[in-house]
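Following: one structure in structure tokens, then a few remarks.
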Amino acid sequence: MTEPTASDPAPAPPTGRPGPVVARTVEELDRARAALGGRRTALVPTMGALHSGHRRLIATAREHADAVVVSVFVNPLQFGPTEDFDRYPRPFEADLAVCADAGVDVVFAPGVDVMYPGPQIVTVHPGAMGQVLEGEFRPGFFEGVLTVVSKLFHLVRPDVAVFGQKDAQQLAVVRRMVRDLCLRVEIVGAATVRDPDGLATSSRNVYLSPAERRSALALSRALLAGADAAVTGAIGILSAAREVLDEAATATPPVAVDYLSLVEPTTFTEVSGDYRGDAVLVVAAWVGETRLIDNVPISL
Ligand SMILES: Nc1ncnc2c1ncn2[C@@H]1O[C@H](COP(=O)(O)OP(=O)(O)OP(=O)(O)O)[C@@H](O)[C@H]1O
Ligand SMILES: CC(C)(CO)[C@@H](O)C(=O)[O-]
Ligand code: BAL
């Protein structure tokens, strides 16, 4: 297992609060859910290795509901065959300490056999907006995400679910699923949390060596350069961001860009040169063996 680095949250000190109820099966979840006594409930879906970004999601959940359920599940269906499913960090005891400190009521941490009791024949397909950008570079990713998120919605039956703006395309695709399938859950987005150096907090940051982490700062610098060029329009935004990334491509270690794009926030279609309105500047890149994504909302 990958060990957390210094930038990860240390296990929280005891607060005196009772910790969350841990449910590992559907039956345990049903019992924990019943004990919440019909309180308005928020779900925060995660893959664990909780950090300050997840803490913000939990805090947002508490603003929108009276009880908070955090799910911790590394979903095999959304990982490609050459991706990092096996080495994804799983520091469950530290995650429980974070949840206890944040006042979470229930942690739902099912095994793969609980979420996938047999072969998964029926899945939720994201349509065209799930085939571009993240969907193009991670084929099957959004189908895996939507399938597991809809299962979590059915099992937990939350009134509200909180997702991070850091995974902006995921948030947009989930919103679209809820609309198109008439799901009775309110989706709330939470702004991206960054470390003081600008790097968006992410469970995968633990993979970065100190030198890789320095190179990775080019992502947030490129987004900032793009946002600063907002008055110049779509083409100016993209070229300002591209300039930073081109320089980072020759750094040691280099940053290898999968995509940089300026998109309309609900459909994730690329905006044209004369576009006016809300947009998101999105980037995905590799530093060494680690793939990072980031984005910034921009009004043109
Ligand atoms: N820095 C962040 N700020 C706000 N939300 C975040 C941040 N990082 C993750 N989230 C949100 O937390 C939720 C769970 O994400 P996940 O557990 O995959 O964490 P992650 O850090 O994004 O992991 P990974 O590095 O694997 O992408 C998602 O809704 C995601 O958008
Ligand atoms: C939403 C999610 C928990 C589904 O596995 C995952 O994609 C994530 O952590 O963003
Ligand atoms: N944070 C999105 C989940 C994933 O990268 O697999």
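As the structure is a computational prediction, the values presented were derived from the model and not from experiment. Hydrogens, waters and symmetry mates are skipped; everything else that's a heavy atom, side chains included, is used. For ligands, and for the atoms within them, numbers begin at 1 and follow the listed sequence.
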Any idea which atoms of ligand 2 are less than 4.0 Å away from a heavy-atom of [X]?
{"X": "Pro45", "result": "3 (C)"}
{"X": "Val148", "result": "4 (C), 5 (O)"}
{"X": "Val145", "result": "7 (O)"}

Check: Does some side-chain heavy atom of Val98 sit less than 4.5 Å from a side-chain heavy atom of Arg55?
Finding: yes
Notebook entry, point to check: Do Val296 and Ile298 have side chains that get closer than 4.5 Å, going by heavy atoms?
Noted result: yes
Note to self: Could you check whether Arg87 makes a cation-pi contact with Tyr207, meaning its NZ or CZ is under 6.0 Å from the centre of the six-membered ring and within 45° of the ring axis?
What the structure shows: yes
Notebook entry, point to check: Same cluster or not: are Phe163 and Leu57 linked, directly or through other Ile, Leu, Val, Met, Phe, Trp or Tyr residues, by side-chain heavy atoms under 4.5 angstrom apart?
Noted result: no
Considering distance alone, does some N or O of [X] sit under 3.5 Å from an N or O of ligand 1?
{"X": "Ser203", "result": "yes"}
{"X": "Thr46", "result": "no"}
{"X": "Val193", "result": "yes"}

Atoms of ligand 1, numbered as shown, that sit under 4.0 Å from any heavy atom of [X]:
{"X": "Gly164", "value": "5 (N), 11 (C), 28 (C), 29 (O), 30 (C), 31 (O)"}
{"X": "Tyr88", "value": "18 (O), 23 (O), 24 (P), 26 (O)"}
{"X": "Leu57", "value": "5 (N), 11 (C), 12 (O), 13 (C), 29 (O)"}
{"X": "Met47", "value": "17 (O), 18 (O), 26 (O)"}

Notebook entry, point to check: Hey, looking at atom 5 (O) of ligand 2, which of His54, Met47, Gln78, Lys166 has the closest heavy atom?
Noted result: Gln78
Note to self: Among Asn205, Asp294, Thr201, which one puts a heavy atom closest to atom 1 (N) of ligand 1?
What the structure shows: Thr201
Write out the residue and atom name of the closest protein heavy atom to [atom], then the distance separating them to 0.1 Å.
{"atom": "atom 9 (C) of ligand 1", "result": "His51 CE1, 3.8 Å"}
{"atom": "atom 1 (N) of ligand 3", "result": "Asp167 OD2, 3.0 Å"}
{"atom": "atom 25 (O) of ligand 1", "result": "Ser202 OG, 2.3 Å"}
{"atom": "atom 24 (P) of ligand 1", "result": "Arg204 NH1, 3.2 Å"}
{"atom": "atom 10 (N) of ligand 1", "result": "Asp167 OD1, 4.2 Å"}
{"atom": "atom 22 (O) of ligand 1", "result": "Lys166 NZ, 2.9 Å"}

Flag the pair [X] and [Y] as a salt bridge only when some basic side-chain nitrogen lies within less than 4.0 angstrom of an acidic carboxylate oxygen.
{"X": "Glu186", "Y": "Arg40", "result": "yes"}
{"X": "Arg39", "Y": "Asp159", "result": "no"}
{"X": "Arg214", "Y": "Asp197", "result": "no"}

Taking the non-hydrogen atoms of [X], is any one of them nearer than 4.0 angstrom to ligand 1?
{"X": "His54", "answer": "yes"}
{"X": "Arg194", "answer": "no"}
{"X": "Pro45", "answer": "yes"}

Note to self: Yes or no: does Asp167 have any heavy atom under 4.0 Å from an atom of ligand 2?
What the structure shows: no
Regarding [X] and [Y], do their side chains bring together a donor and an acceptor under 3.5 Å, going by distance alone?
{"X": "Thr123", "Y": "Glu143", "answer": "yes"}
{"X": "Glu212", "Y": "Ser215", "answer": "no"}
{"X": "Tyr116", "Y": "Asn75", "answer": "yes"}
{"X": "Asp278", "Y": "Ser299", "answer": "yes"}

Note to self: Working note: Arg24 + Asp113, criterion salt bridge (Lys or Arg N to Asp or Glu O under 4.0 Å); need CA distance, chi angles, decisive distance, verdict.
What the structure shows: CA-CA 11 Å; Arg24 292 196 174 272; Asp113 54 328; over 6 Å; no
Checklist line | Structural part of Gln165 in contact with ligand 1, heavy atom criterion under 4.0 angstrom | finding: neither
Next item on the list: For ligand 1, indicate whether the residue Ala191 contacts it via side chain, backbone, both or neither (heavy-atom separation under 4.0 Å).
Entry: backbone
Partner of [X] under side-chain contact (heavy atoms from CB on, under 4.5 Å), chosen from [options]:
{"X": "Arg194", "options": "Leu199, Asp294, Thr201", "answer": "Asp294"}
{"X": "Phe108", "options": "Thr25, Leu155, Leu43, Val72", "answer": "Leu155"}
{"X": "Pro126", "options": "Val174, Asp180, Thr147, Leu146", "answer": "Leu146"}

Next item on the list: Indicate yes or no: does an N/O atom of Gln170 lie under 3.5 Å from an N/O atom of ligand 2?
Entry: yes
Next item on the list: Would you kindly specify which portion of Arg138 sits under 4.0 Å from ligand 3, judged on non-hydrogen atoms: side chain, backbone, both or neither?
Entry: side chain
Next item on the list: Give the contacting part of Met47 toward ligand 3: side chain, backbone, both or neither, where contact means a heavy-atom distance below 4.0 Å.
Entry: side chain
Next item on the list: Return yes when Glu83 approaches ligand 3 closer than 4.0 angstrom through a heavy atom, no otherwise.
Entry: no
Check: Any idea how Tyr259 and Phe137 line up, ring-wise: parallel (<30°), tilted (30 to 60°), or perpendicular (>60°)?
Finding: tilted
Notebook entry, point to check: Checking salt bridge (Lys or Arg N to Asp or Glu O under 4.0 Å) against Asp84, which of Arg90, Arg204, Arg138 comes through?
Noted result: Arg204
Note to self: Within ligand 3, which atoms have a heavy atom of Gln78 less than 4.0 Å away?
What the structure shows: 3 (C), 4 (C), 6 (O)
